[in-house]
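Heads up, the thing below is written out as structure tokens.
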There are 2 protein chains.
Amino acid sequence: MTGTVERRRRVGTRRQILDVAVEVMAERGVAGLSLSEVARRVGIRQPSLYKHFASLHAVYDEVFREGAEHQRDAVARAVRGSAPGLTALLAAIEAIGRLAMANPVVAQLLSWRPVPDFTPSEEAFRPSIEMVEIVRATLRDAVAAGELDPAADSDDGVALVSILVSGALTQQLANEPDAGYEAGRFSSLLPRAFAMFVQYFAPKAEEQP
Amino acid sequence: MTGTVERRRRVGTRRQILDVAVEVMAERGVAGLSLSEVARRVGIRQPSLYKHFASLHAVYDEVFREGAEHQRDAVARAVRGSAPGLTALLAAIEAIGRLAMANPVVAQLLSWRPVPDFTPSEEAFRPSIEMVEIVRATLRDAVAAGELDPAADSDDGVALVSILVSGALTQQLANEPDAGYEAGRFSSLLPRAFAMFVQYFAPKAEEQP
DNA sequence: GTCTATAGAGCGATAGAC
DNA sequence: GTCTATCGCTCTATAGAC
């Protein structure tokens, strides 16, 4: 039997630092990340960490970047796997919800600002922008298909979607963080919140010519 | 001219500790509150703080309690000053929004869980429960007046309202914390989010007998 | 209710040997 | 890329004099 430390070594120290960092944040809160604690659990001395990351903020930044990438990829996958338009939009929303509840710490880092002096670098933030563009494109598709009023394809439309998603997840993470996406009192309301949005932007009577 | 420290002394040390605590949280993040820093700014030695509060958590708890009371009072005031039903509900929602943007730190303490090892005491939490009851009562009024479908007067109805409110405020606080309620890209969408809710729970065709 | 003194612990980061 | 040693700083909380 290989000891835990030994096994961990084999995965690559850098990878391991990031995983343990998320672990620590889960226990102490996102702002409670400490490189000393990470080093302790990884099984190296704290100064050795600086060979892998330039600073505490650099660790936050990389966790942010990876989290944003996963989120964008989950949305892209959900959209690709669905009929374009409203079906894809709902799939995207649910994908974000499931991912957030499976990884609450990263979700908090991405959508709140829990570490006051940390701002993600431009590079770390880029996947989030790309994700918004994907959502925007599904809104455009839904409008083109006559499923939504043209007003939905707008900055306000995207903002309203993000309000619904972040509202459900915020309430869920703050009140029942361990409930899971399906069981959660708030996260399970996401489809109904989506229905509110769809009804609000229901296309007017005129059909496309 | 009275010096700052002197003036502060006159307001009462306990009051001052709470005000400065909010100040510090605004600068360092909610989780970054430090009694040493509070004592420094108040102009007393840090051990003296313990004559006023038993611990760091006790300070958090009191900030939470006062914040929850203010929120409840703002909602009660908004409801009392409006026609019962939907008008009152919108007024309540906007009151929460304005209060949150005027006091972002307290809003974060109330609706997120930014301090991992702090949970508000039952007493501190009570005003929040009372606020929810007020909101629930306005839903009941709106249903009785035929403004909403009976389904709106339910736990899910309240949860959906809270999702809209916390979603708009979370996005606003995380992305444009200094924008103010009226100017904020997200907070200014609260009335439209409310309209989504109203339309979703529009009463069915039958009138009351 | 304020003070001094102190215990006991934590942290991020750097220098320099191997 | 790991280590030891260390700097310099932060913090919460308690004991006990006034």
Side-chain angles (χ1 to χ4, degrees), chain A residues 3-64 109 114-119 121, chain B residues 3-64 109 114-119 121:
Chain A
T4 308
V5 173
E6 196 107 22
R7 208 195 68 240
R8 284 187 151 176
R9 279 269 162 79
R10 219 168 284 156
V11 215
T13 311
R14 185 193 156 84
R15 174 76 267 135
Q16 205 191 129
I17 289 169
L18 292 168
D19 293 343
V20 171
V22 171
E23 223 175 87
V24 173
M25 285 191 265
E27 291 172 26
R28 306 189 173 187
V30 178
L33 176 60
S34 133
L35 292 188
S36 305
E37 181 61 23
V38 170
R40 225 170 281 129
R41 298 195 192 187
V42 168
I44 60 175
R45 302 297 172 170
Q46 176 254 17
S48 308
L49 262 169
Y50 286 79
K51 292 290 175 185
H52 303 275
F53 293 94
S55 68
L56 175 63
H57 276 41
V59 176
Y60 275 124
D61 208 56
E62 184 58 13
V63 173
F64 190 104
L109 184 63
V115 189
D117 49 346
F118 164 68
T119 312
S121 66
Chain B
T4 309
V5 172
E6 196 106 18
R7 207 195 70 239
R8 284 188 151 174
R9 279 268 163 80
R10 219 167 284 156
V11 218
T13 310
R14 186 191 156 83
R15 176 74 266 138
Q16 204 190 131
I17 289 169
L18 293 168
D19 293 343
V20 171
V22 171
E23 221 175 272
V24 173
M25 286 192 265
E27 291 171 26
R28 306 189 173 187
V30 179
L33 176 59
S34 134
L35 293 189
S36 304
E37 181 60 23
V38 170
R40 226 170 280 130
R41 299 195 192 187
V42 168
I44 60 175
R45 302 296 172 172
Q46 175 254 15
S48 308
L49 259 168
Y50 286 78
K51 292 290 175 185
H52 302 274
F53 292 94
S55 68
L56 175 63
H57 276 40
V59 176
Y60 275 123
D61 207 56
E62 184 58 13
V63 172
F64 190 105
L109 184 65
V115 189
D117 50 345
F118 163 68
T119 312
S121 66

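Letters A, B, ... mirror the listed sequences (proteins, then strands); counts begin at 1.
For B:Y60 and D:dC11, the OH to C1' distance is 12 Å, given to the nearest whole Å. Atom CD in B:E37 sits about 9 Å away from atom P in D:dT10, given to the nearest Å. In this structure, B:Y50 atom OH and D:dT12 atom P are separated by 6 Å, rounded to whole Å. Remark: P of C:dT14 and CG of A:L35 are 12 Å apart, rounded to the nearest angstrom. Atoms CG (A:D117) and C1' (D:dT10) sit 14 Å apart, rounded to a whole Å. Summarising the geometry, the separation between NE2 on B:H57 and P on D:dT12 is reported as 11 Å, rounded to the nearest angstrom. B:L56 places its CG atom 13 Å from the P atom of D:dT14, with the value rounded to the nearest Å. Rounded to whole angstrom, the span from the CZ atom of A:R45 across to the C1' atom of D:dT4 amounts to 9 Å.
No donor-acceptor distance shorter than 3.5 angstrom exists from the side chain of A:Y60 to the backbone of A:S55, with no hydrogens or angles considered.
Closest-nucleotide positions on DNA chain C for A:K51 and A:S36 were compared, and the one nearer the 5' end corresponds to A:S36.
Between A:S48 and the phosphate of D:dC3, there is a side-chain N or O to OP1/OP2 separation shorter than 4.0 Å. The shortest distance between the side-chain N/O atoms of B:R40 and the OP1/OP2 oxygens of D:dT10 is not below 4.0 Å. Look at A:H52 and you'll find a side-chain N or O under 4.0 angstrom from OP1 or OP2 of D:dT2. At D:dT10, none of the side-chain N or O atoms of B:R28 fall inside 4.0 Å of OP1 or OP2 (strictly under the cut-off).
Exactly one residue among B:V63, B:L33, B:V22 makes a side-chain contact (heavy atoms from CB on, under 4.5 Å) with B:L109. That residue is B:V63.
For CZ of A:R45, the number of neighbouring non-hydrogen atoms (other residues, nucleotides, ligands) closer than 6.0 Å is 12 at most.
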Would B:Y50 and B:L35 satisfy side chain to side chain contact (heavy atoms under 4.5 Å, CB included), going step by step from the backbone distance to the final call? CA-CA 9 Å; B:Y50 286 78; B:L35 293 189; 3.7 Å; yes
Report the C-alpha distance between B:E37 and B:R28 in whole Å, list the side-chain angles of each, state the deciding distance to 0.1 Å, and finish with yes or no for side chain to side chain contact (heavy atoms under 4.5 Å, CB included). CA-CA 11 Å; B:E37 181 60 23; B:R28 306 189 173 187; 3.1 Å; yes
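B:S34 comes within contact range of the sugar-phosphate backbone alone, with a heavy-atom separation under 4.0 Å but no base atom that close.
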